[in-house]
2 protein chains.
Amino acid sequence: MKKVAPRSGPRPAAVSVSDATLRSFVGYQMKRAFNVIQSDLVKTLKPFDLRMLTYTALVLIVDNPGLRQSQLAEAMDVERPNMVVIIDELERRELITRDRVQTDRRAYALKATLKGRRLYEKAIAAVTAHEADLLRDLDEDARTTILAAMKVIQKAKKGDQS
Amino acid sequence: MKKVAPRSGPRPAAVSVSDATLRSFVGYQMKRAFNVIQSDLVKTLKPFDLRMLTYTALVLIVDNPGLRQSQLAEAMDVERPNMVVIIDELERRELITRDRVQTDRRAYALKATLKGRRLYEKAIAAVTAHEADLLRDLDEDARTTILAAMKVIQKAKKGDQS
DNA sequence: TATTGTTATACTCTATAACTATA
DNA sequence: TATAGTTATAGAGTATAACAATA
C-alpha cells in the first residue's frame, strides 16, 4: 500500500502541478501576466535608476508641468504620504523641481528639469521597445482588445451601478 | 501680477492630469486594471480570512493533494522562503496538513483538511461571483481574448527567442 | 555535493494616524 | 475648519544568503 512506485527520472517534481481551477479566472491570469510585465519593466528601468513609481511620476510631471503632489498622488492612485518619498528621490536626483505655489503656499508646483526631460525621453524609448518585444506575438487586434478590456475593468470599480 | 485670479469653483484640482503618454502602454493599463481586480479580490476574500497568496495556495493544495512546498512555490512563482509563512498560516488554521514524505524525509506532503476543502468551495464560489460582476461589461469574446493574451504574455518571458 | 525546508534580513509598496503650515 | 505636504509607523509582498537535515 505504501510501497514506493519505482521512478525512472530523478525528479520527484516531474508530476506537474495542476492549476486548472485557477486558470479560468481572469484575475489569476492577469496577476501572472502582470508579474511578467512588471519584472521586465523593472529590468528595463534599472539602467536609468528608475522604478515603476519614479518612472510613472517623472512621466506625469513632464507631461503636466506645475501639477501638485496631491494631484499626482491621485493620478497615480498612491496615498499622499507615499508620494513624498518618490518626489524626494526625483528632486534629490535633480530630475524635477519643487516650487512653492505663490497663490497657495501650502502646495508645491512640480516641474521637470532638463535632466529630467532627457531621462524621460530615454526611459520611454526603452520601455516602448521592451513592451513591443514582450507583446510581439500579439497582433494589433488583440492589443486593441486588451487595452479596451483593461479600461472596462478600471471603470468597473467606480460605476458599481451607473 | 501675483494677484489671485478669482476662481468660481473651490477645487484647484479641477484641471485634470493628462496621462496620455502612459495610457498607450499595455503595462500601465494592466497595472491599473490589476489594482482594481486585486483590491476587489482582497475584499472578497476578507470574510474568509484569506489573502491572495493563502487563497491561491489553498486552491492548489486542494487540487493537488500531496504536493511539496517547493512544487507549490514554483507553481505560484513565489520564493521558497516566502512560501513557509503562507503554509504556516494555513496549517495553523487547520486548513491543511504537513506530513513528512516517507520516501524523502526532507519534504512535506501538503494536503487539505475537510475544513480546508470547505473553505475552498466557499471562497471559489465568492471569487467566481465577484469576478463575473466585475467583468459584466465584457462579452465572452473579449474575455477569451484577454485570457489568451495573458497566456501569451506569460509565455513571452521564458521563450525569449524560441 | 545537491535539495527541502527554514531562519534571518532587507527592500519595496501600501495604508493610516497625527502633525505643521497655510488657507 | 479644511487642505497640502509631512512624519512615523505598520503591514504585506518579494528577494537573497546561509543554515540543518536529508538525499
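Below, chain A is the first sequence line, B the second, and so on; all start at residue 1.
One distance of note links CE of M30(A) with CG of N35(B); it measures 9.0 Å at 0.5 Å rounding. One distance of note links OG1 of T113(B) with CD1 of I96(B); it measures 8.5 Å at 0.5 Å rounding.
Rounded to an integer number of Å, the gap from Q69(B) CD to dT3(C) P is 17 Å. The interatomic distance linking Y108(A) (OH) with dT20(C) (P) rounds to 16 Å, in whole Å. Atom CG in L50(B) sits about 15 Å away from atom C1' in dA12(D), given to the nearest Å. Atom pair L72(A):CG and dT6(D):P shows a separation of 12 Å (rounding to whole Å applied). The CZ atom of R80(A) sits 16 Å away from the P atom of dA2(D) (whole-angstrom rounding). Rounded to whole angstrom, the span from the NZ atom of K46(A) across to the P atom of dA15(D) amounts to 11 Å.
The phosphate of dT3(C) has neither OP1 nor OP2 within less than 4.0 Å of any side-chain N or O from S70(B). In terms of phosphate contacts, Q71(B) brings no side-chain nitrogen or oxygen within less than 4.0 Å of OP1 or OP2 of dT4(C).
Between D137(A) and K151(B), no side-chain nitrogen of the basic residue sits less than 4.0 Å from a carboxylate oxygen of the acidic one, so the salt-bridge criterion is not met. For D40(A) and K43(A), the salt-bridge test fails: no basic side-chain N is under 4.0 Å from an acidic carboxylate O.
Taking 4.5 Å as the limit, some side-chain heavy atom of I87(A) sits within range of a side-chain heavy atom of I61(A).
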At a cut-off of 3.5 Å, list every protein nitrogen or oxygen paired with a nitrogen or oxygen from nucleotides 9-14 of chain C, distance to 0.1 Å.
{"residue": "dC13(C)", "atom": "OP2", "partner": "R51(A)", "partner atom": "NH1", "Å": "2.1"}

Check the interface with nucleotides 17-23 of chain D: list each N/O to N/O pair with the protein under 3.5 Å, or write none.
{"residue": "dA23(D)", "atom": "OP1", "partner": "R105(B)", "partner atom": "N", "Å": "2.7"}

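V17(A) and V59(B) fall within the same hydrophobic cluster, where Ile, Leu, Val, Met, Phe, Trp and Tyr residues are linked whenever their side-chain heavy atoms come under 4.5 Å apart, directly or through other members. Cluster membership check: L50(A) shares its hydrophobic cluster with L53(A), using side-chain heavy-atom separations under 4.5 Å among Ile, Leu, Val, Met, Phe, Trp and Tyr.
Closest approach of A123(A) and L45(A) over heavy atoms only: CB-CD2, 4.4 Å. Nearest heavy atoms, A126(A) versus F48(A): CB-CE1, 3.5 Å. What you find for A57(A) and M83(A) is that their closest heavy atoms are CB-CE, 4.2 Å.
Non-hydrogen atoms lying under 4.0 Å from DNA chain D are contributed by R98(A), all within residues 86-98 of chain A.
Between Y108(B) and R100(B), the side chains place a donor N or O and an acceptor N or O closer than 3.5 Å (distance only, hydrogens not considered).
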